[in-house]
Visitor: 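Can you read through this structure? Questions will come right after.
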Amino acid sequence: MAQHIERHRLASQAADVLLGRIQAGEWPLGHRLPGESTLSVQLGVGRSTLREAIRELAGKGVLDSRQGAGVFVTATDPAEDTDTVLRRATIASVTEARIAIEAEAAALAATRRTPADLRTIRRTLTARGVDGLTIAEHVDADMAFHRAVITAAHNDVLTQLFDVFLPRLRLAMIDMLKIRPVASKSEDHAAHCELADAITARDPAAAAVASRTHLSALKESFT
């Protein structure tokens, strides 16, 4: 849909137009935006202005520009500028919600997982343990693992709840890891392996404990 804008403060206006279309549902979370040439024509701006608009929205956590892949929607609402204390409160609140959802999902996954679920869990577990990942790449890989566990519970409501706050969770985790990196990557990964092993062993109690223990430790490290 073509939507031209005034020539005043073009980049900011272009960013506002793009954000409006995202919030209207034209490009859902995780969706890749059309190419530069298409968007430039639709907005009536040059490519340099469009890139500046995309950078503005990327800085607010709405878009993520991935080299060689394109520009993807990562949130529908811009991240607010907050101080460190507020950001720590945010990650604590989000983690509390994760504990409520993921501990139950882990227990269910241990009883309901299929061979295909286990393959996905193991694949995403390996991916999150790869060395050399950027903070954003690590968070994305970590979220993929945790979502694989929730999906293995075969409860659509739990999956939908996780997906609802996933954009906020992703931004909060990236933000906090920039401030305070994980103290021990090996211990962190071992905790995820313990969860995967409990699900593999069909031990719901151990899976729930592993999930709750890991997430509680994560919460404590950021508060």
Side-chain angles (χ1 to χ4, degrees), residues 29-30 74-75 87-133 135-223:
L29 287 173
T74 52
R87 284 180 286 182
R88 286 179 177 172
T90 297
I91 192 65
S93 298
V94 171
T95 305
E96 287 172 356
R98 288 187 66 184
I99 292 171
I101 293 172
E102 294 189 45
E104 178 63 20
L108 292 174
T111 61
R112 298 176 178 176
R113 92 293 190 278
T114 65
D117 291 328
L118 287 182
R119 287 193 294 271
T120 302
I121 288 172
R122 291 296 176 182
R123 175 175 53 78
T124 54
L125 178 64
T126 298
R128 76 172 303 284
V130 172
D131 291 330
L133 297 178
I135 289 177
E137 289 170 341
H138 172 75
V139 170
D140 286 340
D142 185 62
M143 293 301 98
F145 169 79
H146 286 280
R147 193 180 190 282
V149 170
I150 293 174
T151 300
H154 295 277
N155 182 305
D156 291 342
V157 175
L158 288 176
T159 303
Q160 289 169 10
L161 285 172
F162 184 79
D163 286 346
V164 164
F165 68 75
L166 179 57
R168 181 180 180 186
L169 169 61
R170 179 182 185 274
L171 294 174
M173 288 300 300
I174 291 173
D175 196 23
M176 291 311 302
L177 287 175
K178 288 178 180 178
I179 297 171
R180 185 180 300 178
V182 173
S184 172
K185 292 183 178 180
S186 60
E187 290 182 7
D188 176 68
H189 193 62
H192 289 76
C193 291
E194 183 178 349
L195 172 57
D197 289 343
I199 293 172
T200 301
R202 293 192 182 276
D203 189 335
V209 169
S211 177
R212 182 177 294 277
T213 300
H214 160 62
L215 291 172
S216 295
L218 178 67
K219 176 188 171 184
E220 290 300 319
S221 70
F222 288 135
T223 56

Visitor: Measuring from atom CD1 of I174 to atom CG of L169, what distance do you get when rounded to the nearest 0.5 angstrom?
Guide: 9.5 Å
Visitor: Give me the ring orientation class for H214 and H146: parallel if the planes are under 30° apart, tilted from 30 to 60°, perpendicular past 60°.
Guide: parallel
Visitor: State, yes or no, whether a side-chain contact exists between V149 and I199 at a heavy-atom distance under 4.5 Å.
Guide: yes
Visitor: Is it the case that atom CZ in R113 sees more than 12 heavy atoms from other parts of the structure closer than 6.0 Å?
Guide: yes
Visitor: With rounding to the nearest 0.5 Å, note down the distance linking CG in L125 to CG in D142.
Guide: 10.0 Å
Visitor: Measure across I121 and T124 and return the closest heavy-atom pair with its distance rounded to 0.1 Å.
Guide: O-OG1, 3.0 Å
Visitor: When you look at R122 and T200, which way does the side chain to side chain donor-acceptor pair (under 3.5 Å) test go after all the steps?
Guide: CA-CA 10 Å; R122 291 296 176 182; T200 301; 3.1 Å; yes
Visitor: Test side-chain contact (heavy atoms from CB on, under 4.5 Å) on H189 and C193 and set out the steps.
Guide: CA-CA 6 Å; H189 193 62; C193 291; 3.8 Å; yes
Visitor: Do T159 and D156 have a side chain donor and acceptor closer than 3.5 Å?
Guide: no
Visitor: Would T120 and D117 satisfy side chain to side chain donor-acceptor pair (under 3.5 Å), going step by step from the backbone distance to the final call?
Guide: CA-CA 5 Å; T120 302; D117 291 328; 5.7 Å; no
Visitor: Quick one: are R119 and P115 in side-chain contact, heavy atoms under 4.5 Å?
Guide: yes
Visitor: Of the non-hydrogen atoms in A107 and P204, which two are nearest, and what is the gap between them?
Guide: O-CB, 3.4 Å
Visitor: Give me the atom names and distance for the closest heavy-atom approach of A106 to S211.
Guide: CB-CB, 3.9 Å
Visitor: What's the spacing between H192 NE2 and T126 OG1 if we round to 0.5 Å?
Guide: 13.0 Å
Visitor: Within a strict 4.5 Å, meaning less than it, do heavy atoms of the I150 and E102 side chains meet?
Guide: yes
Visitor: So, taking the atom named CE in M173 and the one named CG in D140, what distance separates them when rounded to the nearest 0.5 Å?
Guide: 11.5 Å
Visitor: Work out which heavy atom in R170 is nearest to a heavy atom in A136; give both atom names and the distance.
Guide: NH2-CB, 4.1 Å
Visitor: How about D131 and K185: do any of their side-chain heavy atoms sit closer than 4.5 Å?
Guide: no
Visitor: Once rounded to the nearest 0.5 Å, what's the spacing between atom OG1 of T111 and atom NE2 of H154?
Guide: 9.5 Å
Visitor: Would a 4.5 Å heavy-atom cut-off, applied to side chains only, mark L177 and H138 as touching?
Guide: yes
Visitor: Can you name the closest pair of heavy atoms from G132 and E137 and give their distance?
Guide: O-OE1, 4.5 Å
Visitor: Return the minimal non-hydrogen interatomic distance between A127 and L133, and the atom names on each side.
Guide: O-CD1, 3.7 Å
Visitor: Quick one: which of T151, D163, I101 gives a side-chain contact (heavy atoms from CB on, under 4.5 Å) with L158?
Guide: I101
Visitor: Can you list everything that forms a side-chain contact (heavy atoms from CB on, under 4.5 Å) with T213? Sequence neighbours excluded, please.
Guide: V209
